[in-house]
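Written below as structure tokens is the structure these notes are about.
The first residue of the sequence shown is numbered 1, and numbering continues consecutively from there. A quick note: this is a predicted structure, and the numbers were derived from the prediction, not measured.
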Amino acid sequence: MKMVKNIMKAVLLLLLFFVVSPVYGQTVLEEINGDIYKSGGVYYHYVYDAPEQTPAPQGYEPFYISHYGRHGSRWLSRETDYSKVMDMFDSAAEAGILTPFGEDVYLRVKAIYEDAAGRAGALTPLGTRQHKEIAGRMIASFPQVFEDNARINASSTTYPRCILSMAAFCESLKEQNPSLQIERSSDLRTTRILNCYHNEANPELSDDFKHFVKKGKWRDDYREMAPGYVRPGRLMGRLFSDPSFFTQQQAIDLVHGLYRFAVNVQSTELQGKVSLWDLFTAEELYFQNIYDNYYFYVLDGPSSINKGASEYYARILLEDIIMRADEAVSGGGVSADLRFGHDTSIMPLLTLLQFKEFDFGIEGKDTDPAAVAEAWSVFRLTPMATNVQFIFYRPESGASGNDGSEVLVKVMHNEHEMHLPVREYSWPYYRWSDVEDFYLSYIATLSYPADGIGN
């Protein structure tokens with residue numbers, strides 16, 4: 001209870017501060033004001049902003065790519081995400097308490113519900129396009145990797161949205177070079193690496209961690225925070241002539257469900273046809289965004305509450321990246337390893353990679369969702385179709401200007417070149433030997449909390 005009281009105290013202080021000082025939290029709030037779609041957090045669509053690419057050092061050319069991509073845009077995860085909202089509007093309609101505005105919203109909710117029927121969690125057409133476009137830019141930027149009948153390994157988790165993302169990516173590559181030899185796989189072996197939290201695929205998961213994820217005390221604490229962030233009163237009064245028809249918890253669930261309807265339309269073909277943005281103020285979107293964001297931070301981020309467990313379990317993905325890169329560097333014959341999984345694996349992977357662009361240092365404040373969102377925001381870290389690409393370079397045949405012995409690598413997040421916590425060769429290029437040594441040494445320091453998570 002002490003933690004709950006501290007969190008609620010922080011929420012109340014945050015609300016007061018927000019009223020008297022619009023500067024607080026301005027970075028996230030300003031970004032949402034500038035692009036309302038960012039309020040969707042993990043539902044934010046992929047944006048390619050044509051970042052400048054630094055030419056390779058003289059005499060080097062790309063020869064291998066190691067990639068991990070989140071599936072593309074999708075419908076909301078569960079059928080109940082849709083049915084609960086629809087059922088509550090049906091009940092209100094039957095009770096005759098919908099206002100004229102509520103009647104109008106009811107029609108829009110029906111359209112979203114009907115569009116999603118039988119599709120919860122599935123890849124949308126936009127998700128397919130995202131991966132085809134990313135693949136097209138990859139082969140255009142690094143054609144040497146995909147020459148002739150180059151061998152490509154593609155793997156995904158067993159979730160259909162990931163399999164279809166892999167299919168779209170590979171189809172785009174084959175359209176550019178039909179001679180490519182692409183081997184695809186999707187099974188529990190690949191899932192163990194690409195979705196380290198999968199209970200069936202990863203026997204290493206401890207009972208303590210499973211309890212933390214499903215029934216941890218933090219979940220009760222999180223639910224108790226909801227009234228300070230979802231704040232249903234204003235909208236309920238606009239939708240219903242008798243808002244007291246629903247309990248306080250039902251009102252919170254409904255308004256938060258409508259928020260997710262609103263932010264997820266951008267992922268579907270209803271974009272530009274149906275909108276729920278007018279239900280919320282920018283401030284309301286901001287608070288719901290940081291509330292959702294905090295959930296992912298506690299489970300998948302560098303949170304003191306999970307005590308490094310997410311990073312520990314995600315190490316198998318980074319180990320796979322290193323192992324397969326070593327095989328390619330040693331002449332294994334594979335030109336690219338393409339992986340397709342989930343945001344919940346990319347989040348801890350980004351913690352492991354320690355890009356200097358993402359400063360997660362919020363010690364002492366990481367139970368404050370607003371402070372967390374400023375330092376660790378999922379619309380920046382893991383929008384739909386998020387990808388991490390390791391691009392490997394070696395001396396060109398017969399080239400002069402290098403000593404012929406170094407393999408170089410640059411790492412990109414969503415096609416932006418990143419700074420690594422490693423000595424630079426010539427940024428954004430690093431010696432692979434330095435990069436490998438750093439990450440293997442870091443992984444060796446990781447362990448599951450000896451006394452368990454306890455939350």
Option passing ring-ring contact (aromatic ring centres under 6.0 Å, His included) with His256 (candidates Phe261, Phe287, Tyr295, Tyr291) | Tyr291

Tell me whether the centres of the aromatic rings in [X] and [Y] are closer together than 6.0 Å.
X	Y	result
Phe379	Tyr37	no
Tyr60	Tyr393	no
Phe390	His67	no
Tyr229	Tyr294	no

When you check the gap from the basic side-chain N to the acidic O, do [X] and [Y] get nearer than 4.0 Å?
X	Y	result
Arg223	Asp220	yes
Arg394	Glu406	no
Arg137	Glu415	yes
Glu436	Arg324	no
Arg108	Asp278	yes

Could you walk me through whether Glu269 and Thr124 pass the side chain to side chain donor-acceptor pair (under 3.5 Å) check?
-> CA-CA 8 Å; Glu269 298 303 281; Thr124 65; 5.8 Å; no

Candidates Thr190, Asn387, Asp320 - the one meeting side chain to side chain donor-acceptor pair (under 3.5 Å) with Arg339 = Asp320

Check whether [Y] forms a cation-pi arrangement with [X] (NZ or CZ under 6.0 Å from the six-membered ring centre, at most 45° off the ring normal).
X	Y	result
Arg315	Tyr312	yes
Arg70	Phe340	no
Arg380	Phe358	no

